[in-house]
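Owing to the predicted nature of the structure, the values given are computational and were not obtained by experimental measurement. Atoms within a ligand are numbered from 1 in the order they appear, just like the ligands themselves.
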Amino acid sequence: MHRVPRGDGANRGSWWIGAVSGAAAVAIFLAVGEVFDGLSRSIPSPVVAVGDFGIDSADARTTKTVIDWFGSNDKLVLIIGIVAISLLLGAQTGVLGRRHRWLPPAVFVAFGVAGGLAVGRDPQASDGLGWLATVVAALCGWLSYELLRRRGLMHQSAAPALSGDRGGEPDRAESSPPPRRFARDEFVRWATGVAALAVLAAVGGRWLRGRASVSDERAEVAARLPPSAAASEPVAAVGEAVPGLSPYITPNGDFYRIDTAIVVPQVDPNQWRLQIGGMVDQPYELTLDDILAGDLVDRTVTISCVSNEIGGDLVGNAVWTGIPLSAVLEQAGIQPGADQVVGVSVDGWTAGFPTNVLDGDRTALVAVAMNGEPLPLAHGFPARLVVAGLYGYVSAVKWLAGIGLTSWDDFDGYWIPRGWSKEGPIKITSRIDAPRHGSRHTPGAVGIGGVAWAPTRGIGAVEVQLDEGDWTPAELGDVVSDETWVQWTMRPELDVGRHTIRVRAYDLSGEPQPSGPKPMRPDGAEGYHSIVLNIGE
Ligand SMILES: Nc1nc2c(c(=O)[nH]1)N[C@H]1C(S)=C(S)[C@@H](COP(=O)(O)O)O[C@H]1N2
Ligand SMILES: [Mo]
């Protein structure tokens, strides 16, 4: 291949026409994917599927860095990044495609294959439909590219100086080239039209997808929930004295949310089945009706994320309604040698814990309700696991699809190969909720308060230290069980100056909260939470 003189390059279209054509065509590809996603629950969006792939394959360090940088916007940033990179690849393809005619179709085939493979990883996806959708999307992308490329050549052929020198394929414009400016405007109009179509299709796809929400089905389940002791459990509130103290029961809307799902799985409760299998005598399945007709119990349990930092808010206390996991497993008959319970979600996420966790009288539920309502969609509707005393990453499977018995050595849950401890008991932890760190107060008694938790061992005492002084016991609120957090308060007299307030807790057996400091990886942060208050006139 020899170098083509510069003037000759021009009849392949200017670079910007290539770039715009390529980017707009990729936009069409992505948008068609969104439309299919909107049309069928069994066709995931290729963008989301690639994002899922990214999340699942990211190593522990990357995940941590990303979360440190973007916090809970991490998934949004990921999606924006995937779209931006795709569009850039499209633009680059358009530019290079002016010289290498084989490249754009090849890139669209590659996009289609990548999308199809990513979509195929999703357990909620239908493989056939997923492939069909990405192939159609790639075809639409490539056709859009061809359309714009031809428009772009018309623009070029309109340039009088170039009209004699023609290596590419003929097009209609060749015989009587329109004025150059007219032709450029014409290309810009087409490109804008294609881009606008892509945006419309993408928005339409997301809108359709939104309509596929199962919130109506959830409302129907609400009507079938038996009245629960829930929400109304009377607990003496110590919090009134301290504005800003967490309520004993965390309202659903304020409950922390942690999971790997980019879009909340929409599980139709009427189609949903819970499979119980693995090393059991009698595998079987349960419908939601089976569960609702079962012996439902209400249990107040505090759950927490292992990624909760000292002082963090990835912890909450709710009344969970469900059937005891032990009853579910008893019916299947656990085989000898099975010493791990593994929960699997509809989106393929897994968590496992030792069967002996179920030996005592600890709460372990297949839960269908949270604070008297069906589980919110983001918290695992229609069913999830809740195991008191274990961090969520080893136990609290949302959008539960299956429960499997296996041996401890034969299976590791999702986070274990990603650098987290295989066992995840919740550590004794305490937190100051109020007043705010760094806030100003007038001298005198200042109400301070917070929560402390050590499910299932219960909190026996909470102590507060003012500056470098003695540790003094705080007042504790009532609890309904040892599986929940406890509210604590105190009203120390504070004089003018800067004061540091520190908190620590003990469980009911007298074991102190570990002082650390230790980072959250691999098995949960350790250390005392402290805040600074400014007291002035
Ligand atoms: N399907 C699924 N379930 C999941 C997770 C997940 O990523 N996917 N994350 C777990 C983790 S790490 C935690 S801390 C809890 C959080 O539950 P919440 O979002 O209801 O507070 O859910 C657990 N269940
Ligand atoms: Mo977590």
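In terms of polar-atom proximity, Asp259 is not counted as a contact of ligand 1, lacking any N or O under 3.5 Å from an N or O of the ligand. For ligand 1, the polar-atom distance check finds no N/O of Ser304 at less than 3.5 Å from any of the ligand's N/O atoms. Residue-to-ligand polar distances keep Trp415 apart from ligand 1: every N/O pair is separated by 3.5 Å or more. Between Cys305 and ligand 1, a contact under 3.5 Å exists for no N or O pair. The N/O atoms of Arg384, backbone and side chain alike, include one that comes under 3.5 Å of an N/O atom in ligand 1. Inclusion of Ala378 in the set of residues having an N or O under 3.5 Å from an N or O of ligand 1 is not warranted. An N or O contact shorter than 3.5 Å is missing between Tyr393 and ligand 1 by distance.
Among Gly392, Ala401, Gly316, the residue whose heavy atom lies closest to atom 11 (C) of ligand 1 is Gly392.
Residues Ser430 and Gln513 bring a donor and an acceptor atom of their side chains to less than 3.5 Å of each other. Counted by atom type alone, Thr456 and Asp482 present zero donor-acceptor pairs between their side chains at under 3.5 Å.
When each atom of ligand 1 is checked for a heavy atom of Trp399 under 4.0 Å away, the hits are 1 (N), 2 (C).
Between the Glu483 side chain and the Thr363 main chain, a donor and an acceptor come within less than 3.5 Å of each other.
A salt bridge links Asp259 with Arg257: at least one charged nitrogen is closer than 4.0 Å to a carboxylate oxygen.
A side-chain contact (heavy atoms from CB on, under 4.5 Å) with Trp131 holds for exactly one of Leu117, Ile43, Val136; it is Leu117.
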